Amino acid sequence: MARRFDGKVAVVTGSSSGIGQAIAVRLASEGASIVIDYRSHPEGAVDIQNQIAAAGGGKTITVQADVSKVADTANLIEQAWQQLGSCDILVNNAGIENGADFWNVTEEDYDAVLDVNLKGVFFITQAFVRKLRDNKKPGRVVNISSVHEDMVFPHFASYCASKGGVRMLMRDLAVELGPLGITLNNVAPGAIITPINKGLLDDHAKLDPLLRNIPLGRLGTSEEVAGLVAYLASEEAGYITGSTFIIDGGLIRNYHEQ
Ligand SMILES: NC(=O)c1ccc[n+]([C@@H]2O[C@H](COP(=O)([O-])OP(=O)(O)OC[C@H]3O[C@@H](n4cnc5c(N)ncnc54)[C@H](O)[C@@H]3O)[C@@H](O)[C@H]2O)c1
């Protein structure tokens, strides 16, 4: 039986762990060939490659790329075309956060977050689009932003600035790239169980009040996020561009009068 992503090639940044890993596995399980990007842990990437192969998923290659480096991101897209013959779907998932009181944030901390979360998304999307334009092909971009593209997160100002930037970048490019048949959308997770928030998961003093703020009463899973990404990357989502899709168990809507 034909699968939804048969014949499609997807690059998923930061796909050696967490949400990116689940997205790579999900797209591959529906037939996509995947470029698994890792920054510093090849063993994580190979592990996912093995998982996908064992489950009968699409073809995979692993490529080392630090998305904050423009040359690395161009190479990631180039490898997709050279080794897999195309690059139809780009999932900008790689991201980092650095918590600190605003008055203590250093230039180095700021650059680290903005370079991965915003500059990285900007330039890899540029490389992705150039190839599609030259080959006259349509494409899909799905950015993993955050509820904090819109919702405040005190002590994470650089993270909020980066994700708010990704929101506006996505909206702008949806208009500029629509005529090329390229759609762009954001998936904005709330609290998802992954390594990025290990500190939170282990700290009941912080976790319990958060859970009380989530109407569905639990954190989300990477697989739930991956399901939404798969929909937005599919043919069925062909008329959707320029939007953010929140996946947060109701967190962002949960305002109470005191
Ligand atoms: N987990 C959550 O609750 C949550 C909520 C909202 C948004 N997000 C977003 O989801 C995305 C994935 O995060 P996660 O929760 O899976 O955490 P994670 O730490 O498991 O994953 C982040 C991935 O990005 C990669 N990465 C970091 N810097 C990189 C770089 N310079 N180049 C290439 N890869 C790099 C890491 O190696 C890792 O694979 C991030 O963009 C994050 O901001 C997560």
Side-chain angles (χ1 to χ4, degrees), residues 11-26 34-48 62-77 90-99 109 111-124 141-153 156 158-167 169-170 186-202 206-207 210-211 213-214 218-226 228-229 244-249 251-252:
V11 166
V12 184
T13 67
S15 42
S16 64
S17 77
I19 294 171
Q21 170 176 353
I23 294 167
V25 169
R26 175 66 187 259
I34 307 285
V35 179
I36 300 168
D37 157 51
Y38 66 94
R39 182 188 41 178
S40 44
H41 295 292
E43 65 285 358
V46 171
D47 188 39
I48 291 148
T62 65
V63 178
Q64 194 276 335
D66 176 342
V67 297
S68 68
K69 300 198 168 106
V70 176
D72 280 17
T73 57
N75 182 51
L76 206 46
I77 301 297
L90 170 63
V91 182
N92 285 313
N93 164 78
I96 58 170
E97 60 182 36
N98 253 336
D109 292 341
D111 283 346
V113 173
L114 272 289
D115 283 359
V116 175
N117 295 9
L118 184 56
K119 180 184 161 192
V121 173
F122 191 104
F123 285 103
I124 194 170
V141 178
V142 182
N143 301 316
I144 308 305
S145 64
S146 166
V147 286
H148 300 300
E149 68 162 52
D150 197 41
M151 183 185 183
V152 299
F153 192 11
F156 287 84
S158 59
Y159 187 73
C160 290
S162 71
K163 296 297 187 178
V166 169
R167 177 184 60 188
L169 177 64
M170 174 276 293
N186 283 8
V187 165
I192 309 297
I193 304 164
T194 72
I196 210 173
N197 49 32
K198 190 177 178 313
L200 168 73
L201 298 172
D202 294 341
K206 284 188 184 154
L207 181 62
L210 172 64
L211 288 176
N213 277 335
I214 300 173
R218 65 173 177 86
L219 271 60
T221 66
S222 295
E223 289 71 26
E224 287 171 318
V225 178
L228 178 54
V229 172
T244 290
F245 295 82
I246 296 164
I247 175 162
D248 71 345
L251 172 70
I252 206 168

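When a residue number appears, it is its place in the shown sequence, counting from 1. Side-chain atoms are counted along with the backbone in the values below, which use heavy atoms only and exclude waters and symmetry mates. Since this is a predicted model, take the numbers as computed values, not measurements. Read the numbers this way: they start at 1 and go in the same order the structure lists the ligands and their atoms.
Formation of a donor-acceptor pair under 3.5 Å by the T13 side chain with backbone atoms of N93 is found in this model. Side-chain atoms of D248 come within 3.5 Å of backbone N or O of I252 as a donor-acceptor pair.
Residues S145 and N143 have side chains that never bring a donor and an acceptor to within less than 3.5 angstrom of each other. Donor-acceptor pairing under 3.5 Å is recorded for the side chains of T244 and E149. A donor-acceptor pair shorter than 3.5 Å can be found between the side chains of N117 and S162.
Shortest contact from atom 32 (N) of ligand 1 to any protein heavy atom: V67 N, 2.9 Å. Shortest contact from atom 6 (C) of ligand 1 to any protein heavy atom: P189 O, 3.3 Å. Protein heavy atom at the shortest distance from atom 11 (C) of ligand 1 is N93 O, 3.1 Å. The closest protein non-hydrogen atom to atom 43 (O) of ligand 1 is Y159 OH, 2.6 Å. Nearest protein heavy-atom neighbour of atom 33 (C) of ligand 1: A65 O, 3.3 Å. From the protein, the heavy atom lying nearest to atom 14 (P) of ligand 1 is T194 OG1, 3.4 Å. Taking atom 35 (C) of ligand 1 as the reference point, the nearest protein heavy-atom neighbour is A94 CB, 3.6 Å. Among all protein heavy atoms, the one lying closest to atom 20 (O) of ligand 1 is S17 OG, 2.8 Å.
The atoms of ligand 1 that sit less than 4.0 Å from any heavy atom of I96 are 27 (C), 28 (N). Near I19, meaning under 4.0 Å from any of its heavy atoms, are these atoms of ligand 1: 10 (O), 15 (O), 16 (O), 44 (C). Applying the 4.0 Å criterion to heavy atoms of P195 picks out, from ligand 1, the atoms 20 (O). The contact set between ligand 1 and A191, taken as ligand atoms under 4.0 Å from a residue heavy atom, comprises 3 (O). In the vicinity of N197, heavy-atom distances shorter than 4.0 Å reach the ligand 1 atoms 1 (N), 2 (C), 3 (O). Residue contact check: G18 has heavy atoms under 4.0 Å from atoms 16 (O), 20 (O) of ligand 1.
Between E97 and K198 there is no salt bridge, since no side-chain N of the basic residue sits under 4.0 Å from a carboxylate O of the acidic one.
Minimum heavy-atom separation, I48 to S16: CD1-CA, 3.4 Å. Across I193 and L219, no two heavy atoms sit closer than the pair CG1-CB, 3.7 Å. Between D37 and A65, the shortest heavy-atom contact is OD1-O, 2.9 Å.
The shortest side-chain heavy-atom distance between I144 and N92 does not fall under the 4.5 Å cut-off. Between H148 and C160 there is a side-chain heavy-atom pair separated by less than 4.5 Å. You'll find the side chain of L118 reaches within 4.5 Å of the side chain of V166, heavy atoms only.
For G190, the heavy-atom gap to ligand 1 drops under 4.0 angstrom.
Expressed to the nearest 0.5 Å, how far OH of Y159 lies from CD1 of I196 amounts to 5.0 Å.
Residue S145 holds the heavy atom nearest to atom 9 (C) of ligand 1 of all those in G14, G20, S15, S145. Closest heavy-atom approach to atom 19 (O) of ligand 1 among the candidates I247, V225, I196, D115: I196. Taking each of I124, I144, D72, I36 in turn, the one with a heavy atom nearest to atom 10 (O) of ligand 1 proves to be I144.
The shortest N or O to N or O distance between D66 and ligand 1 is below 3.5 Å. Of the N or O atoms in V147, none lie within a sub-3.5 Å distance of an N or O in ligand 1. Of the N or O atoms in V116, none lie within a sub-3.5 Å distance of an N or O in ligand 1.
If you look at K163 next to ligand 1, the close heavy atoms, those under 4.0 Å, all belong to the side chain. In S222, neither the side chain nor the backbone holds a heavy atom less than 4.0 Å from any atom of ligand 1.
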